[in-house]
Amino acid sequence: MTMPDRPWPAIELARRQRRPRLPFCIDHTCVGSVAVEHRDALQRWAGLLQVGDDGIRLGIPPPERDAALADINAGLRDQGLIRAWRNETYPVTDPASGRLLARFERAASRFWGTLTFGAHANGWVAGTDGEPAALWIAQRSFDKATDPGAHDNLVGGGVPLGQTPFQTLVREGWEEAGLPPAVMARARPGRVLELRRDIPEGLQFERIHGYDLQLQPGETPSNQDGEVHAFERLLLAEALAVAAGSAMTVDAALVTLDFALRRGLLPAHTQAALAARAGSLWVGEAAAR
């Protein structure tokens with residue numbers, strides 16, 4: 001495959017914000033942001049929220065927050081402002097300290113622009129020299145609420161309340177790829193990358209923990225939960241060309257790029273340039289367990 005003239009559009013898409021947004025704070029801690037266009041819709045809950053030109057504030061005691069947010073989010077769903085409801089609980093945390101401030105429905109995180117966490121794994125196969133020769137690439141189900149039919153990493157999923165990124169990776173390994181915990185335990189941490197970008201559901205503000213999992217020749221992924229349409233083992237150059245274009249999700253393309261940069265798999269004349277372009281996205285090391 002031929003690389004695009006300016007490859008890896010996912011780098012710029014990871015920071016693309018065009019909609020004006022207002023800070024969303026719980027007490028005096030800003031945890032996210034709300035699109036300016038949705039400010040008026042929140043006036044309905046003026047008894048719970050302080051809605052102003054400079055931001056949105058939830059200033060009620062901690063024991064009352066979860067119920068208040070559940071009521072607000074149900075109303076926003078009825079208005080069509082929260083989409084792809086999951087019935088999964090996500091933490092609402094202080095991005096600076098990680099302190100848990102509230103809990104709410106996963107789909108609401110995009111409306112409020114709150115920090116979420118993801119865990120992805122690159123599935124690679126070694127050549128005769130022991131170096132990566134191929135990558136397992138998933139194609140998302142065409143029924144997925146987000147990015148239907150797009151290409152993806154071997155495994156990827158959101159981290160719910162009560163799980164670590166690595167625990168999520170192990171769980172998703174079985175659900176998405178039919179790989180048992182003993183296999184997923186071999187995954188090695190890469191880096192954490194941070195996205196803050198406009199998406200149809202609102203704002204994706206997410207820190208993705210990337211991992212590398214070497215699969216042996218006889219280990220073939222097989223989806224269990226219906227969320228993957230198909231898996232394909234692509235030669236390294238083919239897989240990188242897919243990630244460098246627009247057929248792969250932004251999240252997965254960046255996790256693939258991180259793998260390629262750490263392993264020195266890209267042509268020498270592009271390795272440094274891509275590392276410089278993507279450098280601001282890497283914010284730490286993925287959790288080992």
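Index from 1, following the sequence. Computed from heavy atoms alone, side chains included, the values below leave out hydrogens, waters and symmetry copies.
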For [range], which residue pairs qualify under salt bridge (charged side-chain N to carboxylate O under 4.0 Å, His left out), counting only residues two or more places apart or in two chains?
range            : answer
residues 47-56   : Arg39-Asp53
residues 246-261 : Arg191-Asp258, Asp258-Arg262
residues 224-236 : Lys144-Glu227
residues 105-116 : Glu88-Arg106, Arg110-Glu206

Looking at [atom1] of [X] and [atom2] of [Y], how far apart are the two atoms once the value is rounded to the nearest 0.5 Å?
X      : Y      : atom1 : atom2 : result
Leu161 : Phe117 : CG    : CZ    : 11.5 Å
Gln139 : Asn223 : CD    : CG    : 12.0 Å
Leu193 : Ile208 : CG    : CD1   : 5.0 Å
Thr29  : Leu58  : OG1   : CG    : 11.5 Å

Please identify each residue that fulfils salt bridge (Lys or Arg N to Asp or Glu O under 4.0 Å) with [X], with sequence neighbours left out.
X      : answer
Arg140 : Asp152
Arg21  : none
Arg263 : Glu131
Arg44  : none

To check you understand the geometry: which heavy-atom pair defines the closest contact between [X] and [Y], and what is its length?
X      : Y      : result
Ile26  : Ala102 : CD1-CB, 4.3 Å
Val159 : Pro165 : CG2-CA, 3.8 Å
Pro160 : Pro91  : C-CD, 4.4 Å
Ala243 : Met248 : CB-SD, 3.7 Å
Pro95  : Cys30  : CD-O, 3.7 Å
Gln79  : Ala41  : OE1-CB, 3.8 Å

List the steps and the verdict of side chain to side chain contact (heavy atoms under 4.5 Å, CB included) for Arg16 and Asp198. CA-CA 6 Å; Arg16 181 174 291 179; Asp198 289 333; 5.7 Å; no

Test side chain to side chain contact (heavy atoms under 4.5 Å, CB included) on Leu154 and Ile137 and set out the steps. CA-CA 5 Å; Leu154 170 71; Ile137 301 297; over 6 Å; no

All pairs passing disulfide (SG to SG under 2.5 Å) where residues 195-246 contributes a residue, at least two apart: none

Please determine whether salt bridge (Lys or Arg N to Asp or Glu O under 4.0 Å) holds for the pair Glu175 and Arg171, giving the CA-CA distance in whole Å, both sets of side-chain angles, and the decisive distance to 0.1 Å. CA-CA 6 Å; Glu175 293 176 0; Arg171 173 177 56 80; 3.3 Å; yes

List the atom pairs, donor and acceptor, that lie under 3.5 Å between side-chain atoms in residues 60-73 and the rest of the protein, sequence neighbours left out.
residue : atom : partner : partner atom : Å
Arg65   : NE   : Ile60   : O            : 3.3
Arg65   : NH1  : Leu101  : O            : 3.1
Arg65   : NH2  : Asp27   : OD2          : 2.7
Asp66   : OD1  : Arg103  : N            : 2.9
Asp66   : OD2  : Arg103  : NH1          : 3.4
Asp71   : OD2  : Trp45   : NE1          : 3.4
Asn73   : OD1  : Trp112  : NE1          : 2.8
Asn73   : ND2  : Leu69   : O            : 3.1

Is it true that His120 and Tyr211 have ring centroids separated by less than 6.0 Å? no

Name the atoms and distances for all side-chain donor-acceptor pairs under 3.5 Å in residues 281-289, with sequence neighbours left out.
residue : atom : partner : partner atom : Å
Trp282  : NE1  : Ala278  : O            : 3.4
Arg289  : NH2  : Ala185  : O            : 3.3

Going by ring pair (Phe, Tyr, Trp, His ring centres under 6.0 Å), name the residues that satisfy it together with Phe231, two or more places apart in sequence or in a different chain. none

